[in-house]
Visitor: 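Sending over a structure as structure tokens; questions will come in a sec.
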Amino acid sequence: IPATDGKALISEVKDVFKVWIDQDFLRLDANEPSNPTPEAVPRVYEMERDTTFEHMFDSVCKDKDKICWTQSQIIGFVQKYPNWLHPEGWATFFPFKSKGNFFVASVRWHDPARLDVYVSLLREYDGVWIAEFRNRVVLPQL
């Protein structure tokens with residue numbers, strides 16, 4: 001993922017997320033710019049077992065700060081690697097932090113050319129994601 005200035009916010013990039021940008025980015029205060037970031041190497045995983053967000057991320061690293069992206073990095077990934085997003089419209093998950101809280105951005109293809117994005121507050125979302133759909137998770141290389 002290219003280096004960023006940290007200023008880009010998901011809620012403002014309507015040219016990237018053309019179908020829908022979840023208004024919860026604003027309602028949940030999940031809209032904080034970051035400091036500039038260096039180039040980063042992403043790792044893309046596909047779910048193999050039913051799991052919750054909490055277990056999904058804890059299975060990789062208990063220190064969530066180490067596996068969070070900035071919103072600018074998420075935007076950079078989506079722009080540079082759109083073919084790495086789940087091709088069948090299922091979610092690709094990106095953990096990020098805003099104002100001390102952990103969130104997950106869920107990016108999906110609405111149709112072959114347009115994306116939407118939703119946000120979940122990690123501590124409040126305890127639903128189980130079904131492995132059958134092979135949702136993807138993008139994490140920084142540790």
Visitor: Before giving the answer on side chain to side chain contact (heavy atoms under 4.5 Å, CB included), spell out for Arg108 and His86 the whole-Å C-alpha distance, their side-chain angles and the decisive distance to 0.1 Å.
Guide: CA-CA 7 Å; Arg108 303 164 204 247; His86 197 292; over 6 Å; no
Visitor: With rounding to the nearest 0.5 angstrom, report the CG to CZ distance, Leu121 to Arg27.
Guide: 9.0 Å
Visitor: Same hydrophobic cluster for Leu9 and Phe77, using side-chain heavy-atom links shorter than 4.5 Å among ILVMFWY?
Guide: no
Visitor: How long is the gap from OH on Tyr81 to OG1 on Thr92, to the nearest 0.5 Å?
Guide: 14.5 Å
Visitor: Nearest heavy-atom pair of Ile130 and Asn135: which atoms, and what distance?
Guide: O-ND2, 4.1 Å
Visitor: Nearest 0.5 Å, please: how far is CH2 in Trp129 from OG in Ser106?
Guide: 5.0 Å
Visitor: Is a side-chain donor-acceptor pair under 3.5 Å present for Thr70 with Thr37?
Guide: no
Visitor: Any link between Val107 and Val19 through a network of hydrophobic side chains (Ile, Leu, Val, Met, Phe, Trp, Tyr) touching at under 4.5 Å?
Guide: no
Visitor: Would you say Asp24 and Tyr118 make side-chain contact, with heavy atoms under 4.5 Å?
Guide: no
Visitor: Heavy atoms, side chains only, cut-off 4.5 Å: are Phe25 and Gln23 in contact?
Guide: no
Visitor: Testing the basics here: between Val104 and Leu122, what is the closest heavy-atom pair and its distance to 0.1 Å?
Guide: CG2-CD1, 4.0 Å
Visitor: Would you mind telling me which of Asp63, Val41, Ile67 makes a side chain to side chain contact (heavy atoms under 4.5 Å, CB included) with Leu142?
Guide: Ile67
Visitor: Any sub-3.5 Å donor-acceptor pair from Asn31's side-chain atoms to Leu26's backbone N or O?
Guide: no
Visitor: Quick one: are Trp84 and Pro42 in side-chain contact, heavy atoms under 4.5 Å?
Guide: yes
Visitor: Salt bridge check: are Glu32 and Lys99 linked by an N-O gap of less than 4.0 Å?
Guide: no
Visitor: If you measure from NZ on Lys97 to OG on Ser34, what distance do you get to the nearest 0.5 Å?
Guide: 12.5 Å
Visitor: With hydrophobic residues grouped by side-chain heavy-atom distances under 4.5 Å, do Val117 and Val44 end up in a single group?
Guide: yes
Visitor: Is it true that, when you exclude Trp90 itself, more than 12 heavy atoms of the residues, nucleotides or ligands shown sit nearer than 6.0 Å to its CH2?
Guide: no
Visitor: When you look at Phe93 and Met56, which way does the side chain to side chain contact (heavy atoms under 4.5 Å, CB included) test go after all the steps?
Guide: CA-CA 10 Å; Phe93 302 125; Met56 183 185 307; 4.0 Å; yes
Visitor: Between Lys64 and Asp58, does at least one N-O distance fall below 4.0 Å, as a salt bridge requires?
Guide: yes
Visitor: Go through Asp116 and Trp109 one step at a time and tell me if the side chain to side chain contact (heavy atoms under 4.5 Å, CB included) criterion holds.
Guide: CA-CA 6 Å; Asp116 58 25; Trp109 285 110; over 6 Å; no
Visitor: When you compare the side chain of Val16 with that of Gln79, does any pair of heavy atoms fall below 4.5 Å?
Guide: yes
Visitor: Are the side chain of Thr52 and the backbone N or O of Val128 linked by a donor-acceptor pair below 3.5 Å?
Guide: no
Visitor: Give me the atom names and distance for the closest heavy-atom approach of Arg136 to Leu85.
Guide: NH1-O, 3.4 Å
Visitor: Looking at CH2 of Trp20 and NZ of Lys14, how far apart are the two atoms once the value is rounded to the nearest 0.5 Å?
Guide: 10.5 Å
Visitor: Would Ser120 and Phe103 count as a side chain to side chain contact (heavy atoms under 4.5 Å, CB included) here? Give the steps.
Guide: CA-CA 6 Å; Ser120 300; Phe103 296 91; over 6 Å; no
Visitor: Taking all atoms of both residues into account, what is the closest heavy-atom pair of Trp69 and Leu139, and its distance?
Guide: CZ2-C, 3.2 Å
Visitor: Kindly give the heavy-atom pair with the smallest separation between Ile10 and Ile21, and that separation in Å.
Guide: O-CD1, 3.5 Å
Visitor: When rounded to the nearest 0.5 angstrom, what distance separates CZ in Arg49 from NE2 in His55?
Guide: 12.5 Å
Visitor: State plainly whether one hydrophobic cluster holds both Ile1 and Tyr45, where clusters connect Ile, Leu, Val, Met, Phe, Trp and Tyr through side-chain heavy atoms under 4.5 angstrom apart.
Guide: no
Visitor: Check Ala30 against Gln71 and note the closest heavy-atom contact, atom names and distance.
Guide: O-NE2, 2.8 Å
Visitor: Find out if a path of hydrophobic residues (ILVMFWY) with successive side-chain heavy-atom gaps under 4.5 Å connects Phe17 to Val138.
Guide: yes
